[in-house]
> 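First, the structure itself, so that you have it in front of you.
This structure is a prediction, so every number in the text was calculated from the model and none was measured.
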Amino acid sequence: MDVKSSQASPVLADPTPVNKSRLGVHSSLLPSFSTSLSAVPRKKPGKLDDVRSNGWLDAMISSSPPRKKAVKDFNSLSDEADIPYLSWMIRYPSALNSFQLIMDVARNRKLVIFLDYDGTLSPIVDDPDQAFMSGEMRLAVKSVASHFPTAIISGRSRDKVYELVGLTELYYAGSHGMDIMFPAKNTVCRDELNCVKGTDMEGKEANLFQPASEFLPMINEVYNSLVEITKDIKGSKVENHKFCVSVHYRNVDENSWAVIAQFVHDILKEHPRLRLTHGRKVLEVRPVIEWDKGKAVEFLLKSLGFSNHRDVLPIYIGDDRTDEDAFKVLRKAYRGYGILVSAAPKESNAFFSLKDPSEVQYFLESLVKKVQQDDE
């Protein structure tokens with residue numbers, strides 16, 4: 001890891017053995033392991049059989065497992081009930097236990113850090129407006145960004161995630177990477193459509209890349225429609241993330257999940273250029289374009305001048321299904337490591353795992369400590 005020549009990225013924010021065949025890991029990456037804007041008329045949802053037959057309801061249940069309150073330490077797993085978790089940890093070893101191995105691979109390369117927000121830097125909470133990161137986590141992220149280019153790629157709007165994080169040292173990509181801001185001096189925009197000049201939160205000139213800009217009127221229309229037709233469903237919450245709309249059902253009685261899903265289904269039937277993705281107790285309506293968090297990672301690496309993957313080791317830390325697109329890019333291109341944040345076993349394209357945001361914080365603090373030790 002090239003820690004002595006590290007530098008902070010300009011902040012932008014605005015407008016345990018591993019199965020190598022499973023990972024498909026290149027030997028240079030993986031060391032040997034010893035272990036309409038008008039008012040919308042009220043209407044009833046279509047036939048609820050729609051969302052049952054197309055698997056939406058099953059997907060809502062499977063993507064929303066109950067949160068585990070506590071997980072035993074890996075070394076203390078002995079109960080028969082913990083065998084599935086033990087087996088999972090062998091396949092997705094702790095990034096903390098594997099920290100030195102990761103650093104060995106990072107030697108002579110520049111680290112670039114990508115972070116999800118919800119469930120990664122902040123805990124998953126019932127009210128998304130209350131998903132605050134701790135002061136200690138903010139300091140850890142700030143410290144990492146002072147040494148390595150660091151970006152947050154969130155499903156939230158770029159403005160909202162900047163409001164929650166409040167650090168100008170970072171790059172911010174909102175709406176699952178469909179709204180990216182980066183330095184004006186960067187020349188990557190010359191070859192990209194949907195890339196315009198803008199200003200960051202400090203009023204400085206910057207480049208703004210929005211590959212789904214033509215969908216803005218449609219997204220606003222869908223948002224207004226969903227707010228109106230779901231307003232009588234207790235606990236439901238609809239958020240406009242600029243280039244996508246989220247319908248939260250975490251606080252909705254499970255008997256009403258099918259009704260919410262059917263409302264979204266009916267909206268999508270009227271807008272074939274939009275599609276559905278599932279998150280943690282949230283349905284997300286997004287444009288049908290070839291863009292996701294994985295594409296955002298590739299774009300940011302290119303804009304940062306790291307097109308040659310031999311010179312850089314990207315690390316992406318996230319907890320959600322949408323982060324799998326980024327994990328997949330890093331794994332398939334032999335470029336870097338995906339780290340899944342989860343206290344429960346689930347399939348992933350990640351290389352390593354961390355249990356919760358507290359472990360994410362410790363991992364970030366360990367990166368900073370490593371740099372400081374190497375500089376001494």
> Give a yes or no answer on whether the side chain of T150 reaches the backbone of I113 with a donor-acceptor pair at less than 3.5 Å.
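Looks like no, no N/O pair under 3.5 Å.
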> For the ring pair (Phe, Tyr, Trp, His ring centres under 6.0 Å) test, which of Y92, F327, F363, Y337 pairs with F352?
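Answer after filtering Y92, F327, F363, Y337: Y337.
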> Are any side-chain N or O atoms of Y117 and backbone N or O atoms of A131, one a donor and one an acceptor, separated by less than 3.5 Å?
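Flag set: sc Y117 to bb A131 pair under 3.5 Å.
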> When rounded to the nearest 0.5 angstrom, what distance separates OG in S98 from CG in D104?
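Going from OG on S98 over to CG on D104, the span is 11.0 Å.
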> Distance check, rounded to the nearest 0.5 Å: I153 atom CD1 versus D323 atom CG?
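Nearest 0.5 Å value for the CD1-CG distance: 8.5 Å.
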> Run the salt bridge (charged side-chain N to carboxylate O under 4.0 Å, His left out) check on R91 and E347 step by step: do they pass?
CA-CA 10 Å; R91 299 175 62 201; E347 290 297 314; 2.8 Å; yes
> Indicate the atoms forming the closest heavy-atom contact of R275 with I289, along with that distance.
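For R275 and I289, the tightest heavy-atom pair comes out as NH2-O, 4.4 Å.
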> Going through the checks in order, is the side chain to side chain contact (heavy atoms under 4.5 Å, CB included) test met by D319 and I124?
CA-CA 10 Å; D319 75 307; I124 296 295; 4.1 Å; yes
> Could you tell me whether the side chain of L283 reaches within less than 4.5 Å of the side chain of H278, counting heavy atoms only?
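Yes, close enough: below the 4.5 Å cut-off.
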> Could you tell me whether F243 and F215 have their ring centroids closer than 6.0 angstrom?
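No, too far apart.
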> Just do the side chain to side chain contact (heavy atoms under 4.5 Å, CB included) check on M89 and S353 with the steps written out, would you?
CA-CA 8 Å; M89 284 293 291; S353 67; 3.8 Å; yes
> Give me the atom names and distance for the closest heavy-atom approach of N251 to D126.
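Minimum heavy-atom separation between N251 and D126: ND2-O, 3.0 Å.
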> Apply side chain to side chain contact (heavy atoms under 4.5 Å, CB included) to residues V297 and R335 and explain how you reach the verdict.
CA-CA 11 Å; V297 165; R335 298 192 73 166; over 6 Å; no
> D118: which residues meet the salt bridge (Lys or Arg N to Asp or Glu O under 4.0 Å) condition with it, sequence neighbours left out?
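Salt bridge (Lys or Arg N to Asp or Glu O under 4.0 Å) check on D118 returns R156.
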> Heavy atoms only: give me the nearest D116-G318 pair and the separation to one decimal.
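Shortest heavy-atom separation between D116 and G318 comes out as CB-CA, 3.8 Å.
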> Of the options S154, S246, S157, which is the one that meets H241 in a side-chain hydrogen bond (donor to acceptor under 3.5 Å, both in side chains)?
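By the side-chain hydrogen bond (donor to acceptor under 3.5 Å, both in side chains) criterion, H241 pairs with just one of S154, S246, S157: S246.
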> Are Y85 and P345 side-chain neighbours, meaning at least one heavy-atom pair lies under 4.5 Å?
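SC-SC contact between Y85 and P345 confirmed.
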> So, do H271 and V285 sit near enough that their side-chain heavy atoms are less than 4.5 Å apart?
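A side-chain contact is absent here, since even the closest heavy-atom pair is not under 4.5 Å.
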> State the NZ-CG distance between K269 and L274, to the nearest 0.5 angstrom.
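These two atoms lie 15.0 Å from each other.
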> Indicate yes or no for a side-chain donor-acceptor contact from D356 to the backbone of A343 under 3.5 Å, with no hydrogens or angles considered.
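No, the answer is negative, given that no donor and acceptor are paired below the 3.5 Å cut-off.
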> For D311, is there an ion pair with K110 - N to carboxylate O distance below 4.0 angstrom?
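No, K110 and D311 are not salt-bridged.
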> When hydrophobic residues are tied together by side-chain contacts of less than 4.5 Å, even through go-betweens, does L139 share a cluster with V161?
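No, L139 does not connect to V161 through the hydrophobic network.
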> For K142, enumerate each residue passing the side chain to side chain contact (heavy atoms under 4.5 Å, CB included) test, keeping only those at least two apart in sequence or located in another chain.
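Listed in chain order: L167, E169.
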> Provide the closest heavy-atom pair for L313 versus L111 in the form atom of the first, atom of the second, distance.
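Heavy atoms of L313 and L111 come nearest at O-CD2, 3.2 Å.
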> Apply the ring pair (Phe, Tyr, Trp, His ring centres under 6.0 Å) test between F299 and each candidate in Y171, F114, F209; give the one that qualifies.
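Going through the options one by one, the only one that passes is F209.
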> Is a donor from one side chain sitting under 3.5 angstrom from an acceptor on the other, for D320 and T322?
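Short answer, yes.
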> Does any non-hydrogen side-chain atom of Q130 lie less than 4.5 Å from one of F132?
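Yes - at least one pair of side-chain heavy atoms lies under 4.5 Å apart.
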> Within a radius of less than 6.0 Å around OH of Y362, do more than 12 heavy atoms belonging to other residues, nucleotides or ligands occur?
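No, the 6.0 Å shell around OH holds no more than 12 heavy atoms from other groups.
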> Looking only at heavy atoms, which two atoms of I229 and I267 are closest? And how far apart?
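Between these two residues, the closest heavy atoms are CD1-CG1, 4.1 Å.
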> Check whether any side-chain N or O of W88 sits under 3.5 Å from a backbone N or O of A344 as a donor-acceptor pair, and report yes or no.
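Here the side-chain-to-backbone pair does not exist.
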> Step by step, work out the side chain to side chain donor-acceptor pair (under 3.5 Å) result for D266 and Q262.
CA-CA 6 Å; D266 295 343; Q262 191 65 47; 3.0 Å; yes
> State, with a plain yes or no, whether a side-chain heavy atom of V259 is found less than 4.5 Å away from one of V252.
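They are not in contact (no side-chain heavy atoms under 4.5 Å apart), so the answer is no.
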> Kindly work out whether a path of hydrophobic side-chain contacts (I/L/V/M/F/W/Y, heavy atoms less than 4.5 Å apart) joins L96 to L364.
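Cluster IDs for L96 and L364 match.
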> Minimum heavy-atom separation for I233 and S256, please, with both atom names.
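For I233 versus S256, the nearest heavy atoms are CG2-CB, 4.4 Å.
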> Dump the intermediate steps for side chain to side chain contact (heavy atoms under 4.5 Å, CB included) on S122 and L164, then the final yes or no.
CA-CA 10 Å; S122 72; L164 289 167; over 6 Å; no
> Test L115 against every option in I317, V144, I315, L170 by the side-chain contact (heavy atoms from CB on, under 4.5 Å) rule and name the one that passes.
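When I317, V144, I315, L170 are each tested with L115, the side-chain contact (heavy atoms from CB on, under 4.5 Å) holds only for I317.
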> Got a second to check how far D179's CG is from Q210's CD, nearest 0.5 Å?
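Separation between the atoms: 4.5 Å.
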> Using a strict cut-off of less than 4.0 Å between a Lys/Arg side-chain nitrogen and an Asp/Glu carboxylate oxygen, indicate whether E284 and R321 qualify as a salt bridge.
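R321 and E284: not salt-bridged.
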> Could you tell me whether K369 atom NZ has more than 12 heavy atoms of other residues or ligands within 6.0 Å of it?
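No - once you tally the heavy atoms of other residues, nucleotides and ligands closer than 6.0 Å, there are 12 at most.
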> Is the backbone N or O of N97 less than 3.5 Å from a side-chain atom of S94, with the two atoms forming a donor-acceptor pair by type?
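Side chain of S94 to backbone of N97, a donor-acceptor pair under 3.5 Å: yes, one is there.
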> Does one hydrophobic cluster hold both M218 and V288, with members joined at side-chain heavy-atom distances below 4.5 Å?
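Unlinked, M218 and V288 end up in two clusters.
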> Short question: side chain of S87, backbone of I83 - any donor-acceptor pair under 3.5 Å?
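Not confirmed, S87 side chain does not pair with I83 backbone.
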> Is V329 reachable from I180 through a run of I, L, V, M, F, W or Y residues, each pair having side-chain heavy atoms under 4.5 Å apart?
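Result: no, two separate clusters.
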> What's the separation between atom CD in E298 and atom CG in D325, rounded to the nearest 0.5 Å?
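Result: 10.5 Å between the selected atoms.
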> Any side-chain heavy atom of S134 sitting closer than 4.5 Å to one from Q361?
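Yes. Closest side-chain heavy atoms under 4.5 Å.
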> Can you tell me how far apart CG (N220) and NZ (K242) are? Round to the nearest 0.5 Å.
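Those atoms lie 10.0 Å apart.
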> Indicate yes or no: at least one non-hydrogen side-chain atom of F148 is less than 4.5 angstrom from one of V371.
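With C-beta onward as the side chain, the pair touches.
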> Is any side-chain N of the basic residue among E254 and K281 closer than 4.0 Å to the acidic one's carboxylate O?
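Salt bridge between E254 and K281, a charged N being under 4.0 Å from a carboxylate O: no.
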> With the side chain counted from C-beta on, respond yes when F351 and I102 share a heavy-atom pair under 4.5 Å apart, and no when they do not.
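Counting from C-beta outward, F351 and I102 never come under 4.5 Å.
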